[in-house]
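Heads up: the structure comes next, in structure tokens.
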Amino acid sequence: MIELPSRYNPQETEDKWYQEWEEKKRFAARPVSGKTPYTIVIPPPNVTGILHMGHALNNTIQDILIRYHRARGCEALWMPGTDHAGIATQNVVERKLAKDGRKRQDLGREKFIEEVWKWKEEYGSTIIRQLKKLGASCDWDRTRFTMDDEYSDAVKEVFVRLYEKGLIYQGHRIINWCPRCQTALADEEAPHHDLKGNLYYLKYPYKDDPDDFVVVATTRPETMLGDTAVAVNPKDRRYKKSIGRKLVLPLVNREIEVIADESVDMKFGTGAVKITPAHDPNDYVTGKKHDLEFVNIFHPDARINENGGEYKDMDRFEAREVIIEDLKEQGFLEKIEPHDLSAGHCYRCHTIIEPYLSKQWFVKMQPLSVPATAAVKTGRIKFHPDRWTKVYLNWMENIQDWCISRQIWWGHRIPVYYCADCREKGKAGVHVSRTTVQKCPECGSSRVTQDNDVLDTWFSSWLWPFATFGWPKETRTDNAGTVHNVAEDLGYFYPTSALSTASEIIFFWVARMIMAGFEFMADIPFKDVYIHGTVRDIEGRKMSKSLGNIIDPLEIIKEYGTDALRFSLISITSQGQDVYLSKERFEQGRNFANKMWNASRFVLMNLEPSAAKTDLCVFFKKEDLSLPNRWILSRFYSTLKELDTYLNSYRFNEAANLLYHFFWHEFCDWYLEIIKPDIKDPRNQVVMYKILEKYMRAMHPFMPFITEEIWHYLAPEAGSIMDQPWPHVQGQIIDKKVEKQFDTAVNVITAIRNMRSELEIAPAQAVEAVIANTSRQSRDLLTGIAPHITFLARLSRLAIQEKQQHHPSSVTTVVGDSHISILLEGIVDIDKEKKKLDAKISRAQADIKAKENMLANKAFVERAKPEVVENERTKLSQLKETLTKLQGVKHALR
RNA sequence: GGGCUCAUAGCUCAGUUGGUUAGAGCGUUGCGUUGACAUCGCAAAGGUCAGAGGUUCAAGUCCUCUUGGGCCCACCA
């Protein structure tokens, strides 16, 4: 007999168990011959990250998968780590410097990087600590950081290989430029958002006829400073005479020509478009085609540069205002119309990006995309839910080259070296190298400098599924000093089993990992990709700091417990659908944890020590178990069977709700209640104990802490619940007939409770009931469960008989093939009862009519599956029987 | 412009080969502490499954369209 406190206290237990698991290295995984590997690599959170609900959800999902497979006997490895997150981290440290009025330029590159490392050492493990709070069972000794020396070597290796293969090249072209971060961005890093803007109609006068002009329409009038042509469609009659004529660009007085180009949409604006080759991707193409001049008008921070004449040093938006004022004053502005447009925004700081002409490094993606496309098309890699396949393939099939150079300091510096001497002699002087180049390998000069740019963060993360293992080295020494054989690890754990992430990251990361997997490992990086929904607030908005609608998972953990957080999140995450969250949602998880706690408390209070040691088979083989016992065993294994199905198809919410329903509404509400009077019966003892302890094992992946805690009360000498095997389905115990029989008991008890409630009979007052049933079999069944009915329906006496007889002052209802009457000495409102009966009778009559129509339908009887028709026939006869009985009851009431 | 997704109880949502009486949590109402649990129990009310059409013996589920949300992609000057 063990006494537990009546309330579960997560705070006390969670840290205790996590510490224990970690100390005993329970999450460590090694290649073990004969064991099936199961691997997940964590989507590395940014070092600057703090745990938000998206993390909480995603990592709970991964932890469930890992713990589930670990329990099922797999060697489960969850590879952890963090991402250096170039721009994001640099911004954080810059902001910190700004508080002291300093800029990174004041420190210089080296000192600044030192600052970032210092910051990383101090705060970089925050997110890891928080993942531990969440219960994440990662193999922490293997924790990787994308800027680790070894990992950096992998990045260099990859750069050099791709360069040597001709897949990396330097190009001078228009890229997405963030004027605030002052760096180039990849297309994916500059998502388009709608803006309310204007369409400005500008008049460009002809050189030879200043009173006449061409009107161009633009949304970015300030770029006119860089115009070097005006284009019209050659088919456009309005401008037939204009082609080839010179215009004078207002404000700057540059002579520009009217050129003809088919790409011009005659229907848009005036049909004449100003061409700014240095500041618009389309104009760039046109500029190349027509050999136009490229005039860059912006400083890197998007202020106007010396090419902008008197507008020099003005910010782009200020310049826009002033230029419009000036054009207006000088008579060059025709009109302004409101116009909705969309523009790229920096994904790190949300500044509107500026298309900017510059020299950058690119990866040629098309060749890499070929096997990556095929792998998904053939189903070697599967997306869950499946609809993301299309999104992925669509992107892959339209893939663009990837701009990988960033003009920031924090990141992997591009392993390209330039020899000044060679360059002076007119040679290329470009050397790409895995190691630092100090002397020019061609001329021996020491006037060698490394490229100033660093690589896109994703250029390191795309190697995550194999570089974390130590690729391309032979060994990897982990954080605890253990040396791992890289080839052996990769041979065993790679390709990984599943990847769980958010949809936002499919292009950034998932797609690129698949390409890198094929390019460098000649194999897929993972088999299944699970895409979970976005966590939103209750109004459907994304959670963000600026909106102030964040629900902090750590606060929920503090208030409700980690298990409650995990369970609540999982139970509302259906099939990658977005999750709308309010704080109250977590009460469900907390209440459930408490329910588990109290049910366990109840079992332990009533448990004889011998029960835990008795093998279930002893009784089961004898077939002498009571119906409730056979029922709960069957229900447990049915539940377990379904649980496997759900988990293997990534239907986490259904899995969670299944476990919830079984425990609360079957095990607690019915089973424990029904065995209460005979709880000391050895068979009940064994069954309730076995169900509870097996349930804890099945529940452990979802709620690791409370299950471990309860486990130690249930089996104090058995060690951790993590050592326990998964409770495999015992198919021979599942008995649908037994389940159905028990349903009869439930229905009878519910019916009596119903009557009691409707008649307002006090719960404490026992009543006498009579059940009449003409079927011998049914009577036998009812007789067997009579004591349970008596107990749970609070009866003073229960008679089971063949024939219905009229009792004065009684109320009767019909359940299945049974007539149930309760006898009342007190006053019953006959009229009220009659009305209720009438309602039931007309309902039954309507149902009978519907069924009869259905069965009279020749098409149905002929075409529907025979068992369906048979089923309907049975139901009809049952309904008719019920009706007869109801009518009999009504008659008796008179 | 292309694509995806959602619309089911007062609220938030489940509902996977189309087949009994469409479920849960929260909320609401009534009754209740018989010592596992008031973070609880027993019961009740509440749904023309957005609208229209179609396929089918049978549609919340499949198809088409409409309406209204949300999201993603796209070089819409």
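Lettering follows sequence order; numbering is per chain, from 1.
- Rounded to an integer number of Å, the gap from CG of A/Asp261 to C1' of B/C75 is 13 Å.
- Between the side chains of A/Tyr671 and A/Glu666, not a single donor N or O lies within less than 3.5 Å of an accepting N or O.
- The side chain of A/Asn754 sits closest to B/A43 out of B/G15, B/A77, B/A43.
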5' to 3', nucleotides 20-34 of chain B under a 4.0 Å protein heavy-atom cut-off (B base, S sugar-phosphate only, - none) gives BS---S-----SS--
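- Set against B/C73, B/G3, B/A36, the side chain of A/Lys390 has B/G3 as its closest nucleotide.
- If you check every strand for non-hydrogen atoms under 4.0 Å, A/Ala593 touches nothing.
- Base contact: A/Val264 has a heavy atom under 4.0 Å from a base atom.
- Residues passing the salt bridge (Lys or Arg N to Asp or Glu O under 4.0 Å) test with A/Asp340 are A/Lys196, sequence neighbours excluded.
- Note: A/Phe667 and A/Phe662 have parallel aromatic rings, judged against thresholds of 30 and 60 degrees for the angle between ring planes.
- Across all strands shown, A/Glu504 has no heavy atoms under 4.0 Å from either base or sugar-phosphate atoms.
- The phosphate of B/A43 has OP1 or OP2 within less than 4.0 Å of a side-chain N or O from A/Arg753.
- Aromatic rings from A/Phe294 and A/Tyr284 are positioned such that their centres are separated by under 6.0 Å.
- In this entry the distance linking OH of A/Tyr671 with P of B/A36 reads 16 Å, nearest Å.
- If you check B/C37, B/A77, B/C72 against the side chain of A/Asn594, the one that comes closest is B/C37.
- Relative to the side chain of A/Met605, the nucleotides B/A36, B/A14, B/C42 differ in distance, and B/A36 lies closest.
- Heavy atoms of A/Arg651 sit under 4.0 angstrom from at least one base atom.
- Under a cutoff of 6.0 Å and an axis angle of 45°, A/Arg173 and A/Phe362 form a cation-pi pair.
- Residue A/Arg590 is in base contact, counting any heavy-atom pair closer than 4.0 Å across all strands shown.
- Residue-level contact check: A/Asp265 touches the bases, meaning some heavy atom is under 4.0 Å from a base atom.
- Listed nucleotides B/C73, B/A36, B/C76 differ in distance to A/Ser342; the shortest reach to its side chain belongs to B/C76.
- Checked against the 6.0 Å centroid threshold, A/Phe383 and A/Trp388 do not count as a close aromatic pair.
- Between A/Lys274 and A/His193, the residue whose closest nucleotide on RNA chain B is further toward the 5' end is A/His193.
- Checking B/C73, B/A77, B/A14 against every side-chain atom of A/Thr218, the shortest atom distance belongs to B/A77.
- Note on A/Ser600: nothing from the nucleic acid sits closer than 4.0 angstrom, heavy atoms only.
- In this structure, A/Arg7 reaches the bases: a heavy-atom distance under 4.0 Å links it to at least one base atom across the strands shown.
- Checking B/C4, B/C37, B/C76 against every side-chain atom of A/Asn598, the shortest atom distance belongs to B/C37.
- Between the side chains of A/Thr501 and A/Tyr530, no donor-acceptor pair of N or O atoms lies under 3.5 Å.
- With respect to the salt-bridge test (charged N to carboxylate O, under 4.0 angstrom), the residues A/Asp280 and A/Arg220 qualify.
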